[in-house]
Amino acid sequence: MRVRVRELIAVAHASGRSDGIFVDRDIPSIIVEKPKSEEFGDFSTNLAMLLAPIEKKKPRDIAVLLTERISADERVEKCEIAGPGFINIFLKESYWTGLLSEIIELGPDFGKHESNGKRVQVEFVSANPTGPLHIGHARGAAVGDALCRVLEAAGFDVTREFYINDAGMQVVRLGESVELRRRELNGEKIELGENHYKGDYIIDIARAYQKALDDSKSDPSPEAARDFAVQAMLGIIKGDLAAFGVEFDTWQSERDLDAKIIDAIDELKDKGHVKNEDGAVWLKTEALGDDKDRVLEKANGERTYFASDIAYHREKIRQGFDQIVDIWGADHHGYEARVRAAMQALGFDDSLFSVIFIQMVSLLRDGKPVQMGKRSGDFVSLKQVLDEVGSDACRFFFLMRKSDAQLDFDLELAKKEASENPVYYVQYCHARICSLIAHAADKGAVISKAPNDQLLKNLVSRDDLDLIKRLSLFEDVIIKSSEVMEPHRVTYYLQELAGAFHSYYNKNRVVSDDPDLTGARLQLCGAVKTVIRNGLTILGVSTPEKM
RNA sequence: GCGCCUGUAGCUCAGUUGGAUAGAGCAUCGGCCUCCGAAGCCGAGGGUCGGAGGUUCGAAUCCUCUCAGGCGCACCA
């Protein structure tokens with residue numbers, strides 16, 4: 001929406017430029033805003049103020065020249081100058097009803113933008129395969145998945161990737177834990193170490209592992225236990241994600257990168273970014289913005305996690321993505337600088353790389369903190385939360401905050417089917433319109449899915465037009481949300497739209513004695529329903545027709 | 001000590017990336033169902049935008065300093 005107005009203004013300026021009224025120079029990008037107060041029009045721009053230094057004239061004088069040309073556009077009702085030089089633009093009613101017609105026509109595609117030809121990879125969750133997903137992972141999953149949907153709507157070609165940390169000590173410990181439990185099942189007395197995983201799921205895996213050994217008549221080994229356990233864990237994780245409605249396109253195993261790690265280190269050596277010190281091999285990241293240099297190969301010959309992460313990101317970039325997004329827990333924020341440094345060392349432009357940090361979730365029950373600890377086995381898993389509060393409320397709660405703010409998640413509040421739970425507020429709006437349309441059909445109103453431009457001309461009241469204007473903002477929200485990679489903006493928009501509709505509904509009779517107005521308003525309400533639906537779908541939240 | 005994030009209404013948080021009189025929800029108080037869903041609506045109260053300077057036509061937003069909280073500063077992953 002805003003883009004269209006921006007074009008309108010750009011055309012006005014350009015025509016003045018070719019007529020010699022304005023200095024023939026490139027201008028700063030035009031900023032179009034929706035003013036807070038209606039008296040300032042449907043849209044406003046500060047272009048005149050930005051042009052002042054270039055034109056060497058007073059902003060208000062420039063504004064006069066601009067408004068003359070903007071007013072000439074047939075879509076413009078009037079155009080005013082205000083304050084220090086704001087230009088306020090009012091659009092014609094016919095423009096807005098025309099836009100409503102477009103929304104109805106597009107239906108589920110309203111808010112989706114044409115492909116921009118750019119490929120973006122988003123890596124998220126990437127939980128260690130050593131336990132089921134917990135509530136912290138859930139936030140990353142909700143934000144990551146919603147971000148992907150926002151990016152898709154904005155025209156990106158999106159790949160969702162899960163990185164599997166299946167190398168290193170943690171999965172060795174996982175294998176050991178399973179092996180110990182297997183022996184225990186066979187009657188041995190065992191003792192779990194401090195670093196072993198103690199959740200009940202380990203016993204389930206051990207049982208399955210024993211069965212697999214029996215079936216294949218093979219002997220247990222640390223490697224077999226580890227590999228079996230990792231595969232079993234991935235099965236559990238995929239199940240948890242499926243219950244949450246999250247699917248990945250690609251699953252990248254850390255262990256499969258082994259050969260690439262050597263390549264990457266060799267390349268870094270060739271480029272002169274590597275040094276040997278204290279028996280270890282280091283990457284000189286300090287010169288590239290990191291706090292200090294980092295070890296790639298330990299003195300004992302093992303490679304660090306950082307080394308495989310370099311190879312991992314090198315592979316990502318080599319796949320030709322235009323943008324790469326990593327979603328990490330906020331406790332990893334210190335890690336960003338070294339990854340960027342490594343990218344630069346490899347000769348890549350690290351501006352294609354961005355990291356979104358997901359802050360901690362404090363799980364509460366009735367205001368009191370719930371203890372979590374992965375190894376002790378008494379953590380609250382995603383599955384438990386989903387069983388208790390459901391996927392919709394869970395997703396909505398995680399998308400109500402910007403991701404880099406800490407979040408208190410109260411199980412009892414999320415569970416409440418009451419007004420204090422905002423997810424129902426938005427869903428209720430959708431259900432209410434569904435029922436309204438059904439009611440209208442009972443009363444014999446004609447309901448068509450296609451826009452009826454003749455009918456829509458009846459929408460002339462301020463309330464009708466305001467609702468259309470609010471619908472039109474959806475496009476802008478998607479674009480903005482994708483640009484800054486903040487899906488929570490969609491959540492806020494939907495709450496506002498739902499609020500606007502509820503208010504409209506209480507004030508205005510939709511199904512009335514006037515068949516034309518009834519028909520027109522039903523089309524408007526249908527459009528609200530469409531936008532609520534399109535928005536909730538982006539958040540991964542369902543749109544019930546009855547509640 | 002260094003770095004990142006966060007300080008906005010009693011509480012939980014938005015704030016269109018510098019714009020016009022700072023906004024929602026919850027909570028509190030007062031209204032609205034003989035009529036399309038009251039999981040709703042209308043109204044009221046409540047603010048030195050943590051603090052102090054600075055940049056300019058204009059600052060919650062940008063810069064510097066400062067205070068408070070969270071999280072990181074591994075040859076762990």
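Letters A, B, ... are given to chains in the order of the sequence lines, protein chains preceding strands, and every chain is numbered from 1.
Applying the side chain to side chain donor-acceptor pair (under 3.5 Å) rule to A:Glu483 yields no partners; only residues at least two apart in sequence or on another chain are considered. Under the ring-ring contact (aromatic ring centres under 6.0 Å, His included) criterion, A:His13 pairs with A:Phe22, sequence neighbours left out. Partners of A:Asp227 under the salt bridge (charged side-chain N to carboxylate O under 4.0 Å, His left out) rule, at least two apart in sequence or in another chain, are A:Arg255. With sequence neighbours left out, the side chain to side chain donor-acceptor pair (under 3.5 Å) criterion links A:Ser435 to no other residue. Residues passing the ring-ring contact (aromatic ring centres under 6.0 Å, His included) test with A:Phe396: none are found, sequence neighbours excluded. Remark: A:Tyr493 engages A:Phe474 in a ring-ring contact (aromatic ring centres under 6.0 Å, His included) (not counting sequence neighbours).
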Protein-nucleotides 56-60 of chain B N/O pairs under 3.5 Å:
none

Tabulated below should be each protein N or O lying under 3.5 Å from an N or O of nucleotides 43-45 of chain B; please produce it.
none

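Nucleotides B:G72 and B:G50, compared at atom C1', are 23 Å apart to the nearest Å. To the nearest whole angstrom, the two P atoms, one in B:G7 and one in B:U12, are 12 Å apart. The separation of B:C5 from B:G15, taken at their P atoms, amounts to 16 Å, rounded to a whole angstrom. The same atom, P, is picked in B:G25 and in B:A44; the two are 13 Å apart, to the nearest Å. Taking atom P in both B:U17 and B:C33, one finds a spacing of 43 Å when rounded to whole Å. Using C1' as the reference atom, B:A9 and B:G46 are 6 Å apart when rounded to the nearest Å. Atom C1' of B:U61 sits at a distance of 15 Å from the matching atom of B:U6, rounded to the whole Å. Rounded to the nearest Å, the gap between the P atom of B:C11 and that of B:G30 is 23 Å.
A stacking contact links A:Phe86 to B:A20: the aromatic ring centre lies within less than 5.5 Å of the base's six-membered ring centre, and the planes differ by less than 30°.
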**Request:** Test salt bridge (Lys or Arg N to Asp or Glu O under 4.0 Å) on A:Glu80 and A:Lys78 and set out the steps.
**Result:** CA-CA 7 Å; A:Glu80 294 175 347; A:Lys78 61 175 174 170; 3.4 Å; yes
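Ring orientation note: the planes of A:Tyr163 and A:Tyr312 are close to parallel, at an angle under 30° on the 30°/60° scale. Ring orientation note: the planes of A:Trp251 and A:Phe162 are close to parallel, at an angle under 30° on the 30°/60° scale. Ring orientation note: the planes of A:Tyr505 and A:Phe501 are tilted relative to one another, at an angle of 30° to 60°.
Scanning all heavy atoms of the two residues, the minimum distance from A:Arg338 to A:Phe306 falls at CG-CE1, 3.3 Å.
When heavy atoms are screened at a 4.0 angstrom cut-off, A:Val484 is found touching base atoms of the nucleic acid. Within 4.0 Å (heavy atoms only), A:Arg489 reaches sugar-phosphate atoms of the nucleic acid but no base atom. Looking at heavy-atom distances under 4.0 Å, A:Asn88 makes contact with a base. The residue A:Asp442 sits apart from the nucleic acid: no heavy atom pair falls under 4.0 Å. Contacts of A:Ala82 with the nucleic acid, taken as non-hydrogen atoms under 4.0 Å apart, include base atoms. The residue A:Phe357 sits apart from the nucleic acid: no heavy atom pair falls under 4.0 Å. The residue A:Ser435 sits close to a base: some heavy atom pair falls under 4.0 Å.
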**Prompt:** So what is the 5' to 3' dot-bracket string for RNA chain B, if pairs are Watson-Crick or G-U wobble with both distances under 3.5 Å, crossing pairs use [ ] and | means the partner sits on another strand?
**Reply:** (((((((..((((.....[...)))).(((((.......))))).....(((((..]....))))))))))))....
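Note on A:Tyr425: a side-chain N or O is less than 4.0 Å away from OP1 or OP2 of B:C41. Dashed line: the shortest gap from a side-chain N or O of A:Ser44 to OP1 or OP2 of B:G19 is not under 4.0 Å. Put simply, A:His502 has no side-chain N or O that comes within less than 4.0 Å of OP1 or OP2 on B:C32.
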**Prompt:** What one-letter contact string describes nucleotides 72-77 of chain B from 5' to 3', where B marks a base within less than 4.0 Å of any protein heavy atom, S marks contact via sugar-phosphate atoms alone, and - marks no contact?
**Reply:** SSSBSB
**Asked** For nucleotides 8-13 of chain B, read 5' to 3', which letter fits each nucleotide if B means a protein heavy atom sits under 4.0 Å from the base, S means only the sugar-phosphate is that close, and - means neither?
**Response** ----SS
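Counting to the nearest Å, the P atom of B:G25 and the CG atom of A:Leu399 are 20 Å from each other. Nucleotide B:C36 holds its C1' atom 5 Å from the CG atom of A:Leu436, rounded to whole Å. The distance from atom NE2 of A:His488 to atom C1' of B:G25 is 15 Å, rounded to the nearest whole Å. Here the P atom of nucleotide B:U16 and the CD atom of A:Glu33 are 9 Å apart, to the nearest Å. To the nearest angstrom, P of B:A39 lies 15 Å from CZ of A:Phe501. Atom CD in A:Gln359 sits about 16 Å away from atom P in B:G69, given to the nearest Å. Atom CD1 of A:Ile358 and atom C1' of B:C5 are 13 Å apart (whole Å). Spacing between atom CD of A:Glu496 and atom P of B:G25 amounts to 10 Å, rounded to whole angstrom units.
With a glycosidic angle more than 90° from 0, B:C4 adopts the anti conformation.
A ring-centre distance under 6.0 Å is found for A:His502 and A:Tyr425. Aromatic ring centroids of A:Phe409 and A:Phe398 lie under 6.0 Å apart.
With B:U21, B:C36, B:A39 as the choices, the nucleotide that has an atom nearest any side-chain atom of A:Val511 turns out to be B:C36. Distances were taken from every side-chain heavy atom of A:Lys480 (C-beta onward) to each of B:C5, B:U16, B:A39; the shortest belongs to B:U16.
More than 12 heavy atoms of other residues, nucleotides or ligands shown are found within 6.0 angstrom of CG on A:Asp442.
Residue pairs meeting the salt bridge (charged side-chain N to carboxylate O under 4.0 Å, His left out) criterion with at least one member in residues 390-405 of chain A, sequence neighbours excluded, are A:Asp145-A:Arg395.
Put simply, the side chain of A:Ser512 never gets that close to the backbone of A:Arg509: no donor and acceptor are under 3.5 Å apart. For the pair A:Asn128 (side chain) and A:Thr130 (backbone), a donor-acceptor distance under 3.5 Å is absent.
Ion pairing between A:Lys316 and A:Glu123 holds under the 4.0 Å rule for side-chain N and carboxylate O.
The only option from A:Leu399, A:Val150, A:Leu147 that meets the side chain to side chain contact (heavy atoms under 4.5 Å, CB included) definition with A:Ile538 turns out to be A:Val150.
Not a single donor-acceptor contact under 3.5 angstrom links the side-chain atoms of A:Asn46 to the base of B:A20.
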